[in-house]
**Q** 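Below: one structure in structure tokens.
Order of the sequence lines fixes the chain letters, A, B, ..., with proteins taken first and strands second; residue numbering starts at 1 for each chain.
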Protein chains: 2
Amino acid sequence: MASSRRIPEATVARLPVYLRTLAEAAEDGVSTISSERLAELAGVNAAKVRKDLSHLGSYGTRGVGYDVDYLAYQMSRELGLTEERAVVIVGAGNLGQALANYGGFSSRGFPILAVVDSDPAKVGRVIAGVRVRPVEDLPAIVAEAVNTIGVVATPAGVAQSVADRLVEAGVRSILNFAPVVLTVPDEVLVRKVDLATELQILSFYQQRSSRRSPRRSSAGAA
Amino acid sequence: MASSRRIPEATVARLPVYLRTLAEAAEDGVSTISSERLAELAGVNAAKVRKDLSHLGSYGTRGVGYDVDYLAYQMSRELGLTEERAVVIVGAGNLGQALANYGGFSSRGFPILAVVDSDPAKVGRVIAGVRVRPVEDLPAIVAEAVNTIGVVATPAGVAQSVADRLVEAGVRSILNFAPVVLTVPDEVLVRKVDLATELQILSFYQQRSSRRSPRRSSAGAA
DNA sequence: GGTTGTGAACAAATTCACAGCG
DNA sequence: CGCTGTGAATTTGTTCACAACC
């Protein structure tokens with residue numbers, strides 16, 4: 001038995017992928033899935049899938065595979081998705097609007113609590129069904145829900161001050177889209193998504209590939 | 001001497017962060033920087049910075065540090081940013097529009113060559129200064145430039161067919177925002193950005209933090 | 001003195017390969 | 001027999017600590 005706690009970081013990063021894959025399989029009417037098949041759909045290798053899942057517990061059946069619904073449930077629970085979560089987007093510019101309109105947050109369990117902006121001209125507009133509120137409302141907004149995640153979708157220049165306000169308002173997790181390293185207290189969690197960085201990484205591997213593939217492409221089957 | 005080729009994947013992923021940090025330092029008039037200072041600004045540890053930079057070559061001066069401009073230049077070169085690059089965005093929905101309007105691509109060396117969409121209603125609109133063109137134009141668009149990177153900003157359902165068309169049109173690198181695992185030939189490179197995934201990862205760590213910090217937060221100094 | 005560059009020690013992650021179980 | 005779960009082997013990445021050098 002190895003269901004004990006402390007799940008490796010690399011595993012945690014893959015759980016959402018497995019979860020999405022399982023949801024798709026369930027929609028297709030699949031009720032049982034092998035590590036081999038799950039690996040194929042998730043674009044990883046089967047041994048890795050088994051090792052990853054073993055960190056959650058022994059939810060498979062030898063000779064059979066994993067029950068899709070049960071595994072998905074256990075995974076959701078492990079990811080904390082069974083608890084209430086919400087998102088507040090700071091910055092109603094292009095990116096903030098896109099994130100609000102992008103259905104993927106709400107549909108995957110992260111309802112958008114509010115969008116705020118410091119520009120009075122933007123306050124009052126309605127984006128994705130929610131009215132843009134002033135940044136000053138942050139403490140009140142965060143108090144409205146538990147476990148609220150702050151999304152920083154502002155220009156780089158103001159990102160740090162926005163982060164400070166989020167922390168002050170009680171936010172403990174931040175998803176940062178601004179190309180800046182945020183400084184926050186130890187107990188606050190930050191993850192960064194930098195779009196230009198991703199392009200630059202692609203650029204690196206692109207130039208040195210005539211045949212060499214830097215183990216990043218998805219399994220090739222047609 | 002350790003300037004020899006084959007840069008570790010983990011290092012490559014950090015180079016863009018160093019590069020951005022160096023650019024900021026240069027703007028602030030800094031001409032020389034130590035690994036210690038660069039590490040602080042980039043939010044990593046100094047030994048790691050030195051190890052990372054050593055993979056590029058010996059560009060530092062003992063007792064002094066690194067020449068900001070020179071190091072930035074070497075890094076750009078290594079990342080292939082001195083060569084012509086361009087981006088074609090597929091999908092003129094919310095995300096596609098946001099990505100086009102988001103200045104970060106163009107300003108960091110990835111001009112937007114075109115935005116395409118399969119919806120005739122969207123074709124012809126002007127987004128971020130470029131007219132939306134029909135997907136059928138992809139081969140012509142890709143032929144207009146070298147090393148074009150395709151950005152998939154479509155709903156999940158059509159992402160794979162879009163990827164197929166990009167590959168057919170000659171694209172060798174794809175940045176995928178759709179929550180799907182794309183299947184492409186081995187020589188094509190794919191990187192995925194999944195926004196909901198990021199939230200789910202935050203969610204995982206959020207629930208189990210009362211004091212424990214999962215080594216993800218940025219250095220805390222105030 | 002100060003800072004790089006790097007071997008060596010350590011830690012994390014991946015992959016192998018197979019025993020164990022249904 | 002088939003597939004999971006996992007120890008052991010391997011690979012990759014991080015950190016330490018210091019000699020080399022300006």
**Q** Can you tell me the distance, in whole Å, between the CG atom of Leu53(A) and the P atom of dT4(D)?
**A** 9 Å

**Q** In whole Å, I'd like the distance from the CD atom of Glu36(A) to the P atom of dC16(C).
**A** 12 Å

**Q** Give the minimum heavy-atom separation between Glu198(B) and Leu175(A), together with the two atoms involved.
**A** CB-CD1, 3.7 Å

**Q** Nearest whole angstrom, please: distance from the P of dC3(D) to the CG of Leu71(A).
**A** 16 Å

**Q** Give the rounded distance in Å between these two atoms: CG of Leu38(B) and P of dT3(C).
**A** 14 Å

**Q** Out of dT14(C), dT4(C), dG5(D), which nucleotide sits closest to the side chain of Ala10(A)?
**A** dT14(C)

**Q** Taking atom P of dG5(D) as reference, at what distance in whole Å does atom OH of Tyr59(A) sit?
**A** 11 Å

**Q** How would you label the contact of Arg37(B) with the nucleic acid (heavy atoms, under 4.0 Å): base, sugar-phosphate, or nothing?
**A** nothing

**Q** Pick the nucleotide of DNA chain C nearest each of Val64(A) and Gly65(B); which residue has the one closer to the 5' end?
**A** Gly65(B)

**Q** Tell me which nucleotide among dC18(C), dA8(C), dA8(D) gets nearest to the side chain of Lys51(B).
**A** dA8(C)

**Q** If I take atom CG in residue Leu56(B) and atom P in nucleotide dT4(C), what distance separates them, rounded to the nearest angstrom?
**A** 14 Å

**Q** For Phe105(A) and Leu199(B), what are the C-alpha separation, side-chain angles and deciding distance, and is it a side-chain contact (heavy atoms from CB on, under 4.5 Å)?
**A** CA-CA 8 Å; Phe105(A) 285 178; Leu199(B) 289 181; 3.6 Å; yes

**Q** Round to a whole Å and report the spacing from NE2 of His55(B) to P of dT12(D).
**A** 12 Å

**Q** Could you tell me how far apart Arg50(A) (CZ) and dA13(C) (C1') are, to the nearest whole angstrom?
**A** 16 Å

**Q** Verify the neighbour count for atom CD of Glu24(A): are there more than 12 heavy atoms of other residues, nucleotides or ligands below 6.0 Å?
**A** yes

**Q** Tell me whether the side-chain N or O atoms of Arg62(A) pair up with the base of dT4(D) as donor and acceptor below 3.5 Å, since no angle test is needed here.
**A** yes

**Q** OP1 or OP2 of dT14(D) less than 4.0 angstrom from a side-chain nitrogen or oxygen of Arg14(B), does that happen here?
**A** yes

**Q** With a cut-off of less than 4.0 Å, is there a side-chain N or O of Ser35(A) near OP1 or OP2 of dC3(D)?
**A** no

**Q** For the side chain of Asn45(A), starting at C-beta, report the closest nucleotide among dT4(D), dT4(C), dT15(C).
**A** dT15(C)

**Q** Should Lys48(A) be listed as having a side-chain N or O under 4.0 Å from OP1 or OP2 of dA13(C)?
**A** no

**Q** Quick one: is Tyr66(B) getting a side-chain N or O under 4.0 Å of the dG5(C) phosphate, OP1 or OP2?
**A** yes

**Q** Which is more 5' along DNA chain D, the nucleotide nearest Gly63(A) or the one nearest Asp52(A)? Just name the residue.
**A** Gly63(A)

**Q** Looking at dT4(C), dG5(D), dT14(D), which one has an atom nearest to any side-chain atom of Ser34(B)?
**A** dT4(C)

**Q** What residue among Leu166(A), Ile141(A), Ile149(A) forms side chain to side chain contact (heavy atoms under 4.5 Å, CB included) with Val171(A)?
**A** Leu166(A)

**Q** Please report the C-alpha distance between Gln207(B) and Asn147(A) in whole Å, then the side-chain angles of each, then the deciding distance to 0.1 Å, and finally whether the side-chain contact (heavy atoms from CB on, under 4.5 Å) criterion is met.
**A** CA-CA 8 Å; Gln207(B) 63 174 341; Asn147(A) 299 328; over 6 Å; no

